[in-house]
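Please read the structure below before turning to the comments.
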Amino acid sequence: MSEQYDAIITGSGSNGLAAAIHLQQKGLKTAIFEQASSPGGSTRTEEVTLPGFKHDIGSAILPMGVASPFFRNLPLEKHGLEWIYPDIPYSHPFADGTALACFEDIDRTAAQLYKDEKAYKQLFKPIVEKWSQIENNLLGPLSWPEHPIELLKFGFKALPSAKMLVNHYFKEEKSKVFFYGSAAHSTLPLQAIASASFGLVLSTMAHKYGWPFPKGGAGKFVEALLSYYKSLGGELFLNRKVEDVNELPEAKAYLFDLTPKQLLKLKGTDFPSLYRKRMGNYKYGAGVFKVDWALSEPIPFTNEKCRKSGTVHLGFSKAEMEESENSIHNNRVSDAPYVLLAQHSIFDDTRAPDNKHTAWAYCHVQNGSTADFTQQIEDQIEKAAPGFKDCILAKTTMNTQQLEVFNPNIIGGDINGGKQDITQLFTRPITQISPYSTPNPKVYICSSSTPPGGGVHGMCGYSAAKKVLKDHFEDLK
Ligand SMILES: Cc1cc2nc3c(=O)[nH]c(=O)nc-3n(C[C@H](O)[C@H](O)[C@H](O)COP(=O)(O)OP(=O)(O)OC[C@H]3O[C@@H](n4cnc5c(N)ncnc54)[C@H](O)[C@@H]3O)c2cc1C
């Protein structure tokens, strides 16, 4: 290809798209090279069970799609995106048939927690109220705080483990399990430092923005991003696996929506050995085992709150959830894994044929595991929704290796582009002034292996694009 570009982006995941859009918005000539036959990386919707049943293979619930400081300013509705807000962002059922719901209203949520009502408000109200003052620091690379006091206050709550936080704030077992449900999205053991931060940020998103998803499937979010990108003049090339930087058309900057392991395999990067060694030490986190179901009926949850929630967290006691999230890091397997479940079709009738439904779920497993966790996941759902198994028309499962075939960035089933422990939370992939830069002044990383990590927020791509503008296109910054 003899065409010349200002910047070329490899990978059309949400971060690659965010980077490409921001550069294109600034008037640069850009193109995206994607190895798959369809765009979106881990944000894709496919009919993988029965005809007419649309399943989100990867990301499914996109609170950061509406909350991200970058995405929320894009005209995506004009490009076909329609958000659906479930009645309840998420809920957590218990074995006795009760459930706790995270409503957008903090007071209503707290009112369910008996002795912990006041503590819940003390925990969340200040964060939700001051979120706009701290979001840029939390969703970008390490930088000087815009509001140091507010960031410090958040840090006191976020830096401990989820276990320490729940023991400090809550008295009721159910309140603790409820918080664990969102903290366990971290894929870390619940006693790991900073595991609390995930629960705080995700629940803050639920209270401030809700936990919406795109009508028609997560892939519709990518369609809208691409439609906007193309309207700006951007170009996308599918089925173009990039293996050598020198094979790409001439450009001033190359941005890679890849994780370190893939970047190190790439030819033509001219990385020095010390950088290679440091990148080689990058840690990947636990994997996931994923199931998609086509259902004859909605999931028959005993509790009404669960029937009205977009997302349901399953884990029936504090000890069970701790063991589930510990076992995957300690060569053990839990028979009662923590399960994240989403049920789109209750709120979005485009997901399945008339009166039929879909469900999406995964549990955390050891990185690289090939074990089948379908039964354990279905058993967990059945405890909160007796009769669930009778509703199954068809299912598709993906172990960590199958997920990596679906998207080569999901190394060993790690859906977050690398472990999100305290050593890699803000300083990923390695500790250096700009995490997006590499020793090759033309090569940048824009994937979730850079801050702020996993999730469909595009902030890794946006920050990488800003660095490219600063380095190569100073006048356009
Ligand atoms: C099962 C699952 C459930 C999830 N659930 C949620 C959720 O509900 N909400 C949420 O916010 N997040 C969720 N996530 C995480 C979220 O999807 C990711 O954090 C996000 O997609 C990362 O975006 P990215 O652009 O960094 O990378 P990716 O989406 O991984 O995109 C990378 C792209 O690069 C391409 N690529 C790789 N190698 C090459 C190459 N050599 N040449 C060309 N192209 C290449 C890939 O094909 C891919 O398209 C989930 C992920 C998975 C897998």
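Start at 1 with the first residue, then count along the sequence. One-based numbering, in listed order, for ligands and for the atoms of each. Heavy-atom basis, side chains included; hydrogens, waters and symmetry copies ignored.
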Could you tell me, atom by atom, which parts of ligand 1 come under 4.0 Å of a heavy atom of [X]?
X: W360; answer: 3 (C), 5 (N)
X: G11; answer: 33 (C), 34 (O), 35 (C), 44 (N)
X: G454; answer: 19 (O)
X: I410; answer: 53 (C)
X: F33; answer: 43 (C), 44 (N)
X: I57; answer: 1 (C)
X: S447; answer: 26 (O)

Mark the output for [X] as yes if a heavy-atom distance to ligand 1 is under 4.0 Å, and as no if none is.
X: C460; value: no
X: R240; value: yes
X: F237; value: no
X: L258; value: yes
X: L340; value: no
X: K241; value: yes
X: S14; value: yes

Counting only heavy atoms not in [X], do more than 12 fall under 6.0 Å of its [atom1]?
X: Q375; atom1: CD; answer: no
X: K308; atom1: NZ; answer: no
X: K442; atom1: NZ; answer: yes
X: K277; atom1: NZ; answer: no
X: I392; atom1: CD1; answer: yes
X: K383; atom1: NZ; answer: yes

So which heavy atom in the protein is nearest [atom], and how far is it from that ligand atom?
atom: atom 9 (N) of ligand 1; answer: I61 O, 2.8 Å
atom: atom 53 (C) of ligand 1; answer: I415 CG2, 3.3 Å
atom: atom 24 (P) of ligand 1; answer: D257 OD1, 3.3 Å
atom: atom 17 (O) of ligand 1; answer: S42 CB, 3.3 Å
atom: atom 37 (C) of ligand 1; answer: N409 OD1, 3.2 Å
atom: atom 44 (N) of ligand 1; answer: Q35 N, 3.1 Å
atom: atom 30 (O) of ligand 1; answer: N407 ND2, 2.7 Å
atom: atom 11 (O) of ligand 1; answer: V456 N, 2.9 Å

Select one of side chain, backbone, both or neither to describe which atoms of [X] lie under 4.0 Å from any atom of ligand 1, heavy atoms only.
X: F256; value: neither
X: Q262; value: side chain
X: Y362; value: side chain

When you compare ligand 1 with [X], is there at least one nitrogen or oxygen pair between them that comes in under 3.5 angstrom?
X: N15; value: yes
X: K290; value: no
X: A60; value: yes
X: L403; value: no
X: V242; value: yes

Out of [options], indicate the one that has the non-hydrogen atom closest to [atom].
atom: atom 35 (C) of ligand 1; options: H185, R44, E404, E34; value: E34
atom: atom 14 (N) of ligand 1; options: A19, G40, S59; value: S59
atom: atom 48 (C) of ligand 1; options: G41, G287, P39; value: G41

Practice problem: Check S334 against F373 and note the closest heavy-atom contact, atom names and distance. | Solution: O-CE2, 4.4 Å

State yes or no: are the ring centers of [X] and [Y] separated by less than 6.0 Å?
X: H185; Y: F198; result: no
X: H364; Y: Y362; result: yes
X: H357; Y: H344; result: no

Please work out whether the ring planes of [X] and [Y] are parallel, tilted or perpendicular, with thresholds of 30° and 60°.
X: H22; Y: F70; answer: perpendicular
X: W83; Y: F221; answer: tilted
X: Y90; Y: W211; answer: tilted

Exercise. Could you pull out all residues at least two apart from S91 that satisfy side chain to side chain donor-acceptor pair (under 3.5 Å)?
Key: S309

Quiz item: Would you say the side-chain atoms of R276 pair up with the backbone N or O of L264, donor to acceptor, closer than 3.5 Å?
Solution: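 It does hold such a pair.
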
Exercise. Please confirm whether the backbone N or O of G285 pairs with a side-chain atom of N367, one donor and one acceptor, at under 3.5 Å?
Key: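 Confirmed, N367 side chain pairs with G285 backbone.
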
Quiz item: Do the charged groups of R44 and E223 touch, with an N to O distance under 4.0 Å?
Solution: no

Self-check item: Salt-bridge criterion met for E323 and R332 (N-O under 4.0 Å)
Solution: yes

Distance-only donor-acceptor pairs under 3.5 Å for side chains of residues 253-260, two or more places apart:
residue: Y254; atom: OH; partner: P249; partner atom: O; Å: 2.8
residue: Y254; atom: OH; partner: A251; partner atom: N; Å: 3.1
residue: D257; atom: OD2; partner: G13; partner atom: N; Å: 3.1
residue: D257; atom: OD2; partner: G16; partner atom: N; Å: 3.1
residue: T259; atom: OG1; partner: Q262; partner atom: OE1; Å: 2.8
residue: T259; atom: OG1; partner: Y284; partner atom: OH; Å: 2.6

